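These numbers come from a predicted model, not from an experiment.
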Amino acid sequence: MKINRRALLVGSIAAVVLLAVPALALATVWKDHGSNVTTLIELTMNGGEIFETTAGNGMSCEIHATLTTEGGSTGKITKFEIKKCPTPFGSFATTKCELNSAEGRGLPWTVDVKETDLVITNWHTKHTFKGASCKEPELDKTIPSMTVTFAPSTTEISELLFDGKIGEKQEYRSFGSLKIEGANNGTYGIG
């Protein structure tokens, strides 16, 4: 029996294409009231971040951020401002460490839409401190993969809840929430 290699190759390619098309159609993307986002949107957000150098030792900070997307399954954090960190706790409180300066670095940060959440790549912040007893004068940390979930749902996002850490034994952790401001609150989602 003679095998027609060309027909076999064409048939194999057609099968791969047929399998790939439904997978592309099912990809999770940014939505505006259920319709795919096709133009630039900007979500401005305010909220809080808690960072810990070890469990129970860190500061609570006020932050302002901006997320942009033109649709599809990607976006960017284009702005991340750490306004102030008025609440030290654990060793930061006992040593009377105070925030000197803080910033988001390496912006924009890449945002990827997953099936039910977002992943921010290379979340990078730098904090400097003042106080003679501070154990660390500076924290310059990059969390390779920050997970972001939503409230109240994936289809009507009002709040982004984030949590990420460095190291298996938590060498550094950042977590908190950002509320979407204005008319965009509850307008956009993923699906």
**Prompt:** About how many Å separate CD1 of I82 and CG of L99, when rounded to the nearest 0.5 Å?
**Reply:** 7.5 Å

**Item:** Worked verdict on I157 versus Y188 for side-chain contact (heavy atoms from CB on, under 4.5 Å)
**Value:** CA-CA 6 Å; I157 303 169; Y188 297 98; 5.6 Å; no

**Asked** Minimum heavy-atom separation for C134 to K130, with atom names?
**Response** SG-O, 3.4 Å

**Under 3.5 Å donor-acceptor, W30 side chain and G189 backbone** = no

**Item:** Residue pair S174 / I143, side-chain heavy-atom distance below 4.5 Å
**Value:** yes

**Request:** Decide yes or no for T155 and F150: does some side-chain heavy atom of the first lie under 4.5 Å from some side-chain heavy atom of the second?
**Result:** no

**Fill in**
Between V113 and G72 the two heavy atoms that sit nearest each other are CG2-O, 4.4 Å

**Message:** I'd like to know if the side chain of T142 and the backbone of P144 have a donor-acceptor N/O pair within less than 3.5 Å.
**Reply:** no

**Item:** Nearest heavy atoms of F80 and A65, plus distance in Å
**Value:** CD1-CB, 4.0 Å

**Heavy-atom side-chain contact between T66 and E42 under 4.5 Å** = yes

**Item:** Stepwise ring-ring contact (aromatic ring centres under 6.0 Å, His included) test for F51 and F175
**Value:** CA-CA 7 Å; F51 71 81; F175 58 98; over 10 Å; no

**Request:** Take V148 and F162 through the test side-chain contact (heavy atoms from CB on, under 4.5 Å) and record every step on the way to the result.
**Result:** CA-CA 4 Å; V148 180; F162 59 90; 4.1 Å; yes

**Message:** Return the CZ to CE distance between F89 and M59, rounded to the nearest 0.5 Å.
**Reply:** 9.0 Å

**Message:** If you apply the rule side-chain contact (heavy atoms from CB on, under 4.5 Å), what do you find for D163 with L161, and how did you get there?
**Reply:** CA-CA 7 Å; D163 194 353; L161 310 167; over 6 Å; no

**Message:** Test salt bridge (charged side-chain N to carboxylate O under 4.0 Å, His left out) on K96 and E98; report intermediate values, then the result.
**Reply:** CA-CA 6 Å; K96 298 185 181 185; E98 294 179 36; over 6 Å; no

**Prompt:** Do T125 and R105 come close enough that some side-chain heavy atom pair is under 4.5 Å?
**Reply:** no

**Message:** Could you check whether D32 and S35, counting side-chain N and O atoms only, form a donor-acceptor pair closer than 3.5 Å?
**Reply:** no

**Message:** Do I63 and L107 land in one hydrophobic cluster if side-chain heavy atoms of ILVMFWY residues count as linked below 4.5 Å?
**Reply:** yes

**Asked** OG/S60 to CD/E49 distance, rounded to the nearest 0.5 angstrom?
**Response** 8.5 Å

**Message:** Between V119 and M146, is there a side-chain heavy-atom distance shorter than 4.5 Å?
**Reply:** no

**Prompt:** Can D117 and T149 be counted as having a side-chain donor-acceptor contact under 3.5 angstrom?
**Reply:** no

**Request:** Answer with yes or no whether the hydrophobic clustering places Y172 together with F92; edges join I, L, V, M, F, W, Y residues whose side-chain heavy atoms lie under 4.5 Å apart.
**Result:** yes

**Asked** How about E52 and Q170: do any of their side-chain heavy atoms sit closer than 4.5 Å?
**Response** yes

**Item:** Shortest non-hydrogen contact from N185 toward S158
**Value:** OD1-OG, 2.6 Å

**Request:** Would you please say whether a donor-acceptor pair under 3.5 Å links the side chains of T128 and S101?
**Result:** yes

**Request:** Write down the atom of K114, the atom of T28, and the distance for their closest heavy-atom approach.
**Result:** O-CG2, 3.3 Å

**Message:** I'd like to know if the side chain of T54 and the backbone of N57 have a donor-acceptor N/O pair within less than 3.5 Å.
**Reply:** no

**Asked** With a 4.5 Å limit on heavy-atom distance, are the side chains of I77 and V111 in contact?
**Response** yes

**Item:** Close side-chain approach of L139 and T53, heavy atoms under 4.5 Å
**Value:** yes

**Request:** Please answer: with hydrophobic residues joined when any side-chain heavy atoms are less than 4.5 Å apart, are I41 and L160 in the same cluster?
**Result:** yes

**Request:** Using only heavy-atom distances, determine whether the side chains of K31 and N36 contain a donor-acceptor pair under 3.5 Å.
**Result:** yes

**Asked** Of H124, H127, K126, which is the lone residue that meets side chain to side chain donor-acceptor pair (under 3.5 Å) with D140?
**Response** H124

